Amino acid sequence: MAQDKPVRVRFAPSPTGYLHVGGARTAIYNYFFAKATGGTFYLRIEDTDRKRYNEEALKDLMRDLKWLGLQWDEGPGCEGGCGPYFQSERLDIYHREIQKLLDSGDAYYCFCTEERLQEVRAAQEKAGVSVTGYDRHCRNISREEAEARIAAGEKAVIRFKVPETGVTEFDDMIRGHIEYQNELLDDLVLIKRDGYPTYHFASVVDDHLMGTTHVLRGDEWISSTPKHMLLYKAFGWEPPKWVHLPVILDKNGGKLSKRKGAASVGDFRDLGYLPETLVNYLALLGWNPGDDREVMTVKEMVDCFTLERINPKSASFDEKKLQWMNGQHIHQCDDEFLAGFMMEGLKAKGINVDGEPKERIAEIVKLLKPRAHFMQDLADQSVYFFVAPATYDEKGKSKQWGPGSKEIASAVRNALANVETFTTPNIEKAFMDLTVSRGCKLGDLVGAVRLAVSGVTAGPGLWELFEVVGKEETLRRIDVALPMMG
Ligand code: GLU
């Protein structure tokens, strides 16, 4: 079907909790689709459930979206022509629109109390009926009677008069043609007792009034779509195109939840993932660029983004892969940016790095960058460049400082003491000469002194490490450790 209208898509979260990675991926696809087509990506805050509304969640949500780089073209703080973008500020619009459905007879007031509804449900369950739900008790109350009761102070909700027969069908761009029997649908509430609209009503009214051309949302909303289709029909509005995104599962095929580990954007940020990694990884969970590229920038992904390449099958979240990808993205980061991050991390550890020459910091970043999987690795693994180790890796001690190690480390120490200009090639040469004079392998010489100087058993190339630590300090650290060796 030709798409002549410019694309307008939205991310429409409810600020009730953290931004789950599944939600983030929905936002990513909406953002990519808008950017790929020169369309508009807007943010709508669905805050009509006042009991579950959470001010903190709202702030975190906007911070997380910005951190991911998913800046909305319209929405809170970026007024477009379709605001307000908070549903709680659009009540007059919903009240205006519901009148249309009351007038056309597609909606009706329902006075049933919560107790009555519970009784109905219990009776249905007892009778074992296949379709449970509202028994349409108030469906035939006349408008006049209803309004008189409301004027007399009775409270009511407004329900949708769902057709009792027929089929509601729609095409999903990923799932294909879908049909629902109307008789299975409930007369859903459109306006609640507190005057706020339900999700279904507000979402349809806003998607229409805000000009949404495509609704990209999680699969869990697919059963809402027939209700939405019926609402569009009742209003006489053209529905948007539907794109229901496959769910993201954990590696055991279960729901990805905080109970079992990291699941929110904030969790992954705190673990040291870059926003670039998260966007890249989540985008590839359920979509592919049409070739075998994996590590991609947002621009590269946007340039080849199409809805057709979204996979209808559920995707499984693999944290190992995410880790690997983070390393790849860290490698692509600008050294100066990484240096800033490392310095912040070191300061947070109480290490004073203010007087450190820029060149030395740059050298350290160069050494650690290829090994880093997480942003905090940079600070965690660079401490020994600034302060001598206070403790030594326990396993390392028993492995590297056993019998004979003291003699080897002393020999290395003396060889290093004779290196006049303490540079990587000269240090390397000193080691090589020692292997020849002692008739041993390089591997026999390095373990004990690496542990002495760094406190750990793994790290960047030893010659480079020693050069950056400096001659005097390297020798001093070996001297400190020698008495601990066997
Ligand atoms: N407010 C809904 C949510 O929290 C939006 C669903 C939709 O995109 O229609 O996910």
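Small disclaimer: the values here were computed from a predicted structure and weren't measured.
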- Verdict with supporting geometry, Trp221 and Tyr199, ring-ring contact (aromatic ring centres under 6.0 Å, His included): CA-CA 11 Å; Trp221 299 101; Tyr199 153 70; 4.5 Å; yes
- Message: Between Asn326 and His373, does the side chain to side chain donor-acceptor pair (under 3.5 Å) criterion hold? Intermediate values first, please.
- Response: CA-CA 6 Å; Asn326 205 43; His373 284 104; over 6 Å; no
- Message: Assess the residue pair Thr424 and Glu467 against the criterion (side chain to side chain donor-acceptor pair (under 3.5 Å)); give the C-alpha distance rounded to whole Å, side-chain angles, the decisive distance to 0.1 Å, and a yes or no.
- Response: CA-CA 6 Å; Thr424 296; Glu467 179 182 339; 2.6 Å; yes
- salt bridge (charged side-chain N to carboxylate O under 4.0 Å, His left out) evaluation trace for Asp172 with Lys241: CA-CA 7 Å; Asp172 181 277; Lys241 298 211 164 32; over 6 Å; no
- Task: Start with the C-alpha distance between Ser314 and Ile248, add both sets of side-chain angles, then the distance that settles side-chain contact (heavy atoms from CB on, under 4.5 Å), and finish with yes or no.
- Result: CA-CA 6 Å; Ser314 60; Ile248 301 178; over 6 Å; no
- Task: Apply side-chain contact (heavy atoms from CB on, under 4.5 Å) to Asp171 and Trp242, showing your working.
- Result: CA-CA 7 Å; Asp171 289 309; Trp242 305 107; over 6 Å; no
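Looking only at atom types and distance, the side chain of Ser14 has no donor-acceptor partner in the side chain of Tyr53 under 3.5 Å away. Side-chain contact of Gln87 with Asp206: a donor-acceptor pair under 3.5 Å is present, judged by distance alone. Side-chain atoms of Thr225 and His244 form a donor-acceptor pair, as typed in the model, at a separation below 3.5 Å.
Ion pairing of Asp219 with Arg175 is present here, as a side-chain N (NZ or NE/NH1/NH2) and a carboxylate O approach within less than 4.0 Å. Checked for salt-bridge contact, Glu46 and Arg10 miss the test: no charged N lies under 4.0 Å from a carboxylate O. The pair Asp250-Lys260 meets the salt-bridge criterion, with a side-chain N (NZ, NE, NH1 or NH2) lying under 4.0 Å from an Asp/Glu carboxylate O. At a threshold of 4.0 Å, the pair Asp393-Lys397 does not count as salt-bridged, since none of the basic side-chain nitrogens sits closer than that to a carboxylate oxygen.
In this structure, the ring of Phe341 has its center no less than 6.0 angstrom from the ring center of Phe374. Taking the six-membered ring for Trp, Phe305 and Trp287 have ring centres closer than 6.0 Å. A ring-centre distance under 6.0 Å is found for Trp401 and Tyr392. Outside the 6.0 Å centre-distance limit, the rings of His214 and Tyr29 are not counted as a close aromatic pair. In summary, the aromatic rings of Phe431 and Trp463 are positioned with their centroids under 6.0 Å apart. When ring centroids are compared, Trp67 and Phe268 stay outside the 6.0 Å threshold.
Considering CD of Glu473 and CZ of Phe422, their distance stands at 11.0 Å, rounded to 0.5 Å. Taking CZ from Arg477 and CZ from Phe466, the interatomic distance works out to 10.0 Å, rounded to the nearest 0.5 Å. The CZ atom of Arg217 lies 7.5 Å from the CG atom of Asp207; values are rounded to the nearest 0.5 Å. In this structure, the separation between CZ on Arg293 and CG on Asn280 is 10.5 Å, given to the nearest 0.5 Å. Note that CG of Asp47 is 11.0 Å distant from CZ of Arg90, once rounded to the nearest 0.5 Å. Between the CG atom in Leu43 and the CG atom in Asp73 there is a gap of 11.0 Å [rounded to 0.5 Å].
More than 12 heavy atoms of other residues, nucleotides or ligands lie within 6.0 Å of NZ in Lys258, so this atom counts as buried by the packing criterion. Atom CZ of Arg50 sits in a crowded spot, with more than 12 heavy atoms from other residues, nucleotides or ligands closer than 6.0 Å. The environment of CD in Gln332 is crowded: more than 12 heavy-atom neighbours from other residues, nucleotides or ligands sit within 6.0 Å. Counting non-hydrogen atoms of neighbouring residues, nucleotides and ligands closer than 6.0 angstrom, the NZ atom of Lys399 reaches no more than 12 such neighbours. Around atom CZ of Arg52, no more than 12 heavy atoms belonging to other residues, nucleotides or ligands sit under 6.0 Å away.
The closest side-chain heavy-atom distance from Ile478 to Leu416 is below 4.5 Å. Looking only at side-chain heavy atoms (C-beta outward), Tyr273 and Gln323 come within less than 4.5 Å of each other. Proximity of Thr40 to Val7: side-chain heavy atoms (C-beta onward) are nowhere separated by under 4.5 Å. Under the 4.5 Å side-chain criterion, counting only non-hydrogen atoms from C-beta, Lys192 is not in contact with Pro197. Considering only heavy atoms from C-beta on, Lys66 stays 4.5 Å or farther from Arg63 through its side chain. Annotation: side chain of Ile351 is in contact with side chain of Val383 (closest heavy-atom distance under 4.5 Å). Using a 4.5 Å heavy-atom threshold, the side chains of Met301 and Lys35 count as separate. For the pair Ser203 and Arg44, the minimum side-chain heavy-atom distance is below 4.5 Å.
Although no hydrogens or angles enter the test, the distance criterion places a donor-acceptor pair under 3.5 Å between the side chain of Asp444 and the main chain of Lys441. The closest donor-acceptor contact from the side chain of Arg309 to the backbone of Cys304 lies under 3.5 Å. Side chain of His20 to backbone of Val265: no donor-acceptor contact under 3.5 angstrom is found. Using a distance-only test at 3.5 Å, with no hydrogens or angles considered, no donor-acceptor pair links the side chain of Ser405 to the main chain of Ala448. Distance alone, capped at 3.5 Å, is enough to place a donor-acceptor pair between the Asn352 side chain and the Asp354 backbone. For the pair Thr212 (side chain) and His208 (backbone), a donor-acceptor distance under 3.5 Å is absent. No donor-acceptor distance shorter than 3.5 angstrom exists from the side chain of Tyr196 to the backbone of Arg193, with no hydrogens or angles considered. In this structure, the side chain of Asn30 does not engage the main chain of Phe11 through any donor-acceptor pair within 3.5 Å. The closest donor-acceptor contact from the side chain of Arg121 to the backbone of Thr132 lies at 3.5 Å or more, if one exists at all.
Remark: Lys299 engages Asp303 in a salt bridge (Lys or Arg N to Asp or Glu O under 4.0 Å) (not counting sequence neighbours). When the side chain to side chain contact (heavy atoms under 4.5 Å, CB included) test is applied to Lys251, no partner is found at least two apart in sequence or on another chain.
Stacking of Arg360 on the aromatic ring of Phe386 is recorded, both the 6.0 Å distance cut-off and the 45° axial limit being met. For the pair Lys321 and Tyr281, the NZ or CZ position fails the cation-pi test of under 6.0 Å to the six-membered ring centre and within 45 degrees of the ring normal.
Between Met325 and Thr277, the shortest heavy-atom distance links the atoms C-CG2, 3.8 Å. Annotation for Leu285 and Ser316: closest pair CD2-O, 3.4 Å, computed over non-hydrogen atoms. Heavy-atom minimum distance, Val419 versus Ile427: CG1-N, 4.5 Å. A pairwise comparison of heavy atoms in Gly272 and Gln376 identifies CA-OE1, 2.9 Å as the closest pair. Residues Asp335 and Lys366 come closest through the heavy atom pair OD2-CG, 4.1 Å. Shortest non-hydrogen contact noted between Asn288 and Gly290 is OD1-N, 2.8 Å.
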